[in-house]
Amino acid sequence: MDQNRSLQTSAQRIVVKVGSSTLTRNGQLRPRKLGEIARAVCQLVDSGREIVLVSSGAVAIGSHRLGWTKPGESIRQKQAAAAVGQIGLSEVYRKRFREQEREVAQVLLTRGGLENRERFLNARHTLLELLRLGVVPIVNENDTVATDEIRFGDNDNLSAAVVNLIGAQLLIILTDVDGLYSEPPQGGLQRGELLDIVDEITPAIRGAAKDSASEFGRGGMVTKIEAAENAARSGAATVLCNSARPNALLRVAAGEAEGTLFLPGEPLRGRKHWLAFTARTQGELTLDEGAIDAVKRHGKSLLPAGIQSVQGQFGIGDVVTCIDDRGQALARGLVAYSSEELMRIAGRNTQDIAAVLGFDRGEEAIHRDDLVLTSE
Ligand code: GLU
């Protein structure tokens, strides 16, 4: 076995993401496919591995149950369809897992819910307890309450958030293509060669993942690459593979060279990962060259002196994005001063802070322990 592929066998806690393209055909659920996935998941759980399933399909099934020939166009229609379809999805999963004598649990999440660190930890504890009980959690986005600002929008990104939430070592994305090809598809045809191992998500890899969203699923290859990158920053590997290949899931878990394997990166632990990927930012700080250098290259704290301008309204302890003067995001962090205060001390030297504000809360606008780089 390829040394890298052994990551697939050593992974104990695994998130499996199944897309609408796998679970439905012409808007109809494929119960046999669900049965096949349920059997494979149960086999893995029986062998001592912990699996969380992230499943799409609610909008597709709901649209079909409502007699629509096409998925709803507006967000409201999609939310209504998801509410109808989620029941169907759960019914079929429950039935299929019961055949294997395994309980399932329905867990509906939103980005908005996980942005709050306390709720994030609550969701984490619930999922870990379910795993401890031998139950298979089936996760989807809570489409009913998920407005644009608080939703993941696609289950690829949701599955990566779940990887981080439970500290999984492997994300398996089951989809309708064999993996990532070296060139973006054209006219529905794959081009270039199928990549076996991707050790880093470079601009060339992003270029190969030109968007190709399917009709019901929201994500295309782009969101799958985002998910792989996000999982890598959690220290997890990702395998992207074709669910149509026989026993794809079991073969991946057994370390076989299925699809494309994305290697894990240097993990960002706990709170920093949450800061980088999950937390909602309340404003932006534009940094000057000196501050960019200090923060990016030397891992230093951000001082008010290096801030050129402040956008948005935020309070102490809120999350902000640090950008350069072209608007490119560089880092995220928790601010020690409110937007109002920072506007007054931006560009000022440390010794001026107390004179301008009448007090100071330390010399850092964002302490380095509260700062995480988001771009390389
Ligand atoms: N949550 C949506 C659904 O269940 C799917 C989103 C996606 O496919 O990425 O239909």
Side-chain angles (χ1 to χ4, degrees), residues 13-20 22-24 27-31 33-42 44-45 49-66 78-114 116 119-147 150-166 168 171-174 216-219 249:
R13 196 169 280 169
I14 305 172
V15 175
V16 177
K17 187 257 167 179
V18 209
S20 303
T22 296
L23 295 175
T24 59
Q28 290 240 46
L29 202 57
R30 299 167 69 197
K33 194 72 201 173
L34 258 79
E36 188 189 306
I37 290 166
R39 273 194 304 280
V41 168
C42 289
L44 293 174
V45 175
R49 298 169 97 174
E50 296 174 315
I51 312 281
V52 173
L53 198 58
V54 174
S55 178
S56 312
V59 174
I61 298 163
S63 303
H64 182 79
R65 289 196 170 179
L66 289 166
K78 284 192 184 131
Q79 288 177 314
V84 173
Q86 186 62 37
I87 294 183
L89 198 58
S90 296
E91 276 168 1
V92 180
Y93 271 123
R94 170 137 210 284
K95 188 154 173 267
R96 294 300 169 181
F97 276 87
R98 286 298 298 156
E99 286 165 9
Q100 310 298 316
E101 291 167 15
R102 186 63 60 198
E103 280 305 330
V104 289
Q106 172 177 280
V107 178
L108 299 178
L109 299 173
T110 55
R111 187 192 290 277
L114 300 183
N116 175 302
R119 292 197 194 171
F120 177 95
L121 292 174
N122 255 327
R124 172 182 162 82
H125 293 142
T126 306
L127 283 168
L128 295 184
E129 184 61 17
L130 288 167
L131 291 175
R132 201 186 61 75
L133 294 168
V135 175
V136 176
I138 301 178
V139 177
N140 198 357
E141 179 140 34
N142 191 353
D143 288 308
T144 313
V145 301
T147 59
I150 62 157
R151 68 179 187 157
F152 287 98
D154 65 84
N155 277 11
D156 298 317
N157 277 297
L158 170 63
S159 64
V162 174
V163 165
N164 180 240
L165 193 58
I166 62 166
L171 169 62
I172 303 175
I173 301 181
L174 294 173
F216 287 101
R218 296 206 195 99
L249 185 52

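Counting from 1, the numbers follow the sequence of the chain as shown.
With salt bridges taken as basic N to acidic carboxylate O contacts below 4.0 Å, one links Arg132 and Glu129. A salt bridge between Glu141 and Lys78 is absent, with no side-chain N of the basic residue lying under 4.0 Å from a carboxylate O of the acidic one. A salt bridge is defined here as a Lys NZ or Arg NE, NH1 or NH2 lying under 4.0 Å from an Asp or Glu carboxylate O, and Glu99 with Arg96 meets this definition.
A search for salt bridge (Lys or Arg N to Asp or Glu O under 4.0 Å) contacts involving Arg98 returns Glu103, not counting sequence neighbours. Applying the salt bridge (Lys or Arg N to Asp or Glu O under 4.0 Å) test to Arg102 and every residue at least two apart in sequence or in another chain returns Asp46.
Taken from NE2 in His64 to CD1 in Ile61, the straight-line distance is 9.5 Å, to the nearest 0.5 Å. The distance from the CZ atom of Arg49 to the CG atom of Leu131 is 13.5 Å, given to the nearest 0.5 Å. Rounding to the nearest 0.5 Å places CD1 of Ile172 at 5.0 Å from CG of Leu249. Going from atom CG of Leu121 over to atom CG of Leu114 covers 10.0 Å, rounded to the nearest 0.5 Å. Between Ser20 atom OG and Asn155 atom CG the span is 7.5 Å, to the nearest 0.5 Å. Gln106 contributes atom CD, which lies 12.0 Å from atom CG of Leu130 (distance to the nearest 0.5 angstrom).
When all heavy atoms of Ile51 and Val136 are compared, the closest pair comes out as O-CG1, 3.9 Å.
In this structure the side chain of Leu127 reaches within 4.5 angstrom of the side chain of Val107, judged on heavy atoms. Annotation: side chain of Leu108 is not in contact with side chain of Thr144 (no heavy-atom distance under 4.5 Å). Inter-residue side-chain proximity for Tyr93 and Leu29 is flagged as unmet; no heavy-atom pair is nearer than 4.5 Å.
More than 12 heavy atoms of other shown residues, nucleotides or ligands fall within 6.0 angstrom of atom CG in Leu66.
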Applying salt bridge (charged side-chain N to carboxylate O under 4.0 Å, His left out), run through Glu36 and Arg39 and close with a yes or a no.
-> CA-CA 5 Å; Glu36 188 189 306; Arg39 273 194 304 280; 5.6 Å; no
